[in-house]
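For reference, the structure discussed in these notes is given below.
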Amino acid sequence: MQQMNTKIKKYISALMLLTSVLATSCIEPPLHLPAQEVKIEMSIDLVVLNNVWNLESDWEHYWYYGWDNMDRDLWGDIAYPTPTSYEARRYFLGEKPGGPHTNVDPFTVYGNSFRRTYEFGYYDILLWSNIDSKDGTQVVTINESDLEDVKASTTVTRGMTRVQSVVGAGSSTKLLTGSDPDSTVVVTGLYNQPEIFYSAYPRDIYISEHAEDYDYYDEQEKCWVKQLHCDLNPNVYIYLVQVIIRHNDGRIVGCSGDNAISSFASGISVNTGHTWDSPALVYFGSRYKAKAEYEGEQVDIIGGKFTTFGLCDMPSYNETKPSRIYNGGRKDLKNYLYVDLTFLNGVQGTLQADVTEQCQKQAHGGVITVIIDATEIDVPPSPDPGKTGSLFIPTV
């Protein structure tokens with residue numbers, strides 16, 4: 001498995017490129033006034049997925065579904081990708097730090113360096129990585145209407161029918177079908193899962209007039225050098241989902257590939273990495289695999305991967321305090337997993353499982369596992385005309 005960037009620590013070196021008005025043989029390098037160029041170079045420190053997931057042992061020990069070539073073709077690698085370009089927003093604050101963002105200088109950074117002209121004074125810089133997709137599209141939308149708080153969210157993908165009849169029972173799982181004539185249907189939006197991207201927000205960067213405020217003078221570049229450091233943190237986290245079907249014996253023969261999970265954040269602050277407190281139902285795909293192995297037992301299994309901004313009202317991942325436990329303000333919300341099952345008679349029903357505890361113990365991504373016994377689930381009868389066993393319906 002590709003080992004990718006999760007803490008995504010980036011070191012930013014600000015190189016003050018100043019025009020000399022004296023001969024290069026001068027003993028003391030000059031500092032030219034009143035303006036200068038600054039070259040910012042970022043070097044990426046790549047770490048493995050486990051550093052964000054912070055598992056005590058190998059996460060693959062808990063992951064029975066596997067990840068074959070078809071999974072990779074459908075949903076990509078189980079990895080955090082390395083960015084190739086960044087969006088930068090530079091805010092000049094004037095002579096005092098902590099000022100408001102009254103204007104912005106936007107530009108795109110290709111590679112790992114950029115050069116701009118600066119006035120002396122204080123600056124904030126917001127950086128976020130662009131998304132590299134095969135077809136050049138993305139579902140993440142960036143809203144820059146508030147210069148103090150740039151927001152990211154995703155688009156709505158389809159509708160979901162919520163039926164109330166229950167076939168079979170369990171403490172945390174149940175089967176929802178459309179066979180009950182008294183069932184009601186509610187249509188709600190299903191959100192696309194966001195692509196993975198990262199951001200950093202170094203603040204109060206001081207561009208000084210005095211040579212002693214810089215770290216050294218670069219003879220080759222003919223510039224003063226000021227070194228800065230910041231962390232680029234992930235704004236999107238990876239979850240792996242598996243439904244292990246025991247004692248199946250042909251009762252459940254597949255899945256539609258439609259899945260959703262409730263009460264994940266509908267957006268995030270790009271500046272702070274803090275998630276919104278409003279919940280969303282996130283859509284993702286899955287596959288059915290027969291004859292998998294689970295702790296020495298032959299089982300069938302449904303698996304998939306989804307990405308998310310995280311749980312609602314949750315602070316950003318903190319590399320210096322990598323706690324996995326959810327400490328946000330919406331512990332009241334329940335995370336329900338919905339997975340469409342196909343039965344031997346061709347009827348579909350949607351499994352609902354309460355995975356709140358698993359999600360809150362893995363607030364920055366991890367493995368979600370639901371284990372069901374097929375003998376405890378009644379095969380649903382064929383629905384009446386106009387009814388559906390699936391919770392998922394397409395919308396335009």
Side-chain angles (χ1 to χ4, degrees), residues 59-78 157-158 160-161 163 166-177 190 193 238-262 264 281-308 335-356 358-359 362 365-380 388-393:
W59 65 268
E60 292 178 294
H61 175 75
Y62 304 95
W63 180 238
Y64 300 95
Y65 174 82
W67 206 248
D68 59 27
N69 288 333
M70 182 174 291
D71 297 317
R72 293 185 183 91
D73 290 340
L74 290 171
W75 305 302
D77 290 321
I78 303 173
T157 178
R158 63 181 69 194
M160 179 177 181
T161 64
V163 292
V166 179
V167 179
S171 59
S172 62
T173 62
K174 58 185 178 181
L175 188 70
L176 306 174
T177 74
L190 276 174
Q193 51 183 315
I238 299 173
Y239 282 89
L240 304 177
V241 179
Q242 58 188 354
V243 177
I244 296 171
I245 307 170
R246 303 182 63 205
H247 310 137
N248 189 16
D249 197 24
R251 297 165 64 85
I252 299 170
V253 297
C255 66
S256 70
D258 290 319
N259 314 268
I261 191 161
S262 68
F264 277 84
L281 196 62
V282 180
Y283 174 82
F284 66 100
S286 67
R287 287 178 60 209
Y288 175 91
K289 294 181 181 179
K291 306 304 180 185
E293 185 172 332
Y294 166 67
E295 296 185 352
E297 176 185 354
Q298 289 293 310
V299 297
D300 298 328
I301 193 166
I302 296 170
K305 180 188 79 168
F306 75 93
T307 55
T308 172
N335 301 110
Y336 290 107
L337 172 67
Y338 300 97
V339 179
D340 261 5
L341 306 177
T342 303
F343 292 86
L344 56 86
N345 60 356
V347 174
Q348 287 186 340
T350 301
L351 180 75
Q352 174 185 285
D354 186 345
V355 294
T356 307
Q358 293 188 63
C359 292
Q362 304 174 95
V367 179
I368 298 173
T369 302
V370 175
I371 302 174
I372 62 174
D373 189 330
T375 62
E376 297 178 359
I377 299 177
D378 296 331
V379 176
T388 177
S390 172
L391 292 187
F392 302 92
I393 58 172

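Side chain of Gln193 to backbone of Val282: no donor-acceptor contact under 3.5 angstrom is found. In this structure, the side chain of Gln352 does not engage the main chain of Tyr336 through any donor-acceptor pair within 3.5 Å. Remark: side-chain polar atoms of Tyr288 are paired, donor with acceptor, to backbone N or O of Ile252 under 3.5 angstrom. Counting only distance, with no hydrogens or angles, the side chain of Lys305 and the backbone of Ile78 share no donor-acceptor pair below 3.5 Å. Checking side-chain atoms of Asn335 against main-chain N and O of Ser262 turns up a donor-acceptor pair under 3.5 Å. Between the side chain of Asn259 and the backbone N or O of Gly257 there is at least one donor-acceptor pair closer than 3.5 Å. Glu297 contributes no side-chain N or O that, together with a main-chain N or O of Arg246, makes up a donor-acceptor pair within less than 3.5 Å. In this structure, the side chain of Gln242 engages the main chain of Tyr62 through a donor-acceptor pair within 3.5 Å.
Closest heavy-atom contact between Asp71 and Gly66: OD2-O, 4.2 Å. Between Ala374 and His247 the shortest heavy-atom distance is CB-O, 3.6 Å. Minimum heavy-atom separation, Leu190 to Ala260: CD2-CB, 3.6 Å. Closest non-hydrogen pair, Trp63 versus Val241, comes out as CH2-O, 3.5 Å. The two residues Leu351 and Val243 have their closest heavy-atom pair at CD2-CG1, 4.0 Å. Closest heavy-atom contact between Thr342 and Gln348: OG1-NE2, 3.5 Å.
Taken to the nearest 0.5 Å, the CD1 atom of Ile371 stands 11.5 Å off from the CD1 atom of Ile245. Between atom CG of residue Asp300 and atom CD1 of residue Ile244 there is a gap of 11.0 Å, rounded to the nearest 0.5 Å. Between the CD1 atom in Ile372 and the CG atom in Asn248 there is a gap of 8.0 Å [rounded to 0.5 Å]. Between the OG1 atom of Thr369 and the OH atom of Tyr65 there is a distance of 13.5 Å, given to the nearest 0.5 Å.
Shown here is Asp73, whose CG atom has more than 12 heavy atoms of other residues, nucleotides or ligands within 6.0 Å.
Looking at Ile302 and Leu341, their side chains come closer than 4.5 Å, going by heavy atoms from C-beta outward. Two residues are said to be in side-chain contact when any heavy atoms from C-beta on lie closer than 4.5 Å; Val379 and Val347 fail this criterion. Contact of the Cys359 side chain with the Ile261 side chain is registered, since non-hydrogen atoms from C-beta on lie closer than 4.5 Å. For the pair Val299/Tyr64, no side-chain contact is recorded, criterion being any heavy-atom separation below 4.5 Å from C-beta on. At least one side-chain heavy atom of Arg287 sits less than 4.5 Å from a side-chain heavy atom of Asp68.
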List the steps, then state whether ring pair (Phe, Tyr, Trp, His ring centres under 6.0 Å) holds for Phe284 with Tyr239.
-> CA-CA 11 Å; Phe284 66 100; Tyr239 282 89; 9.9 Å; no
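Asp77 has a carboxylate O that lies under 4.0 Å from a charged side-chain N of Arg72, or vice versa, which qualifies the two as a salt bridge.
Only one option out of Phe264, Trp75, Tyr283 pairs with Phe306 in a ring pair (Phe, Tyr, Trp, His ring centres under 6.0 Å); it is Phe264.
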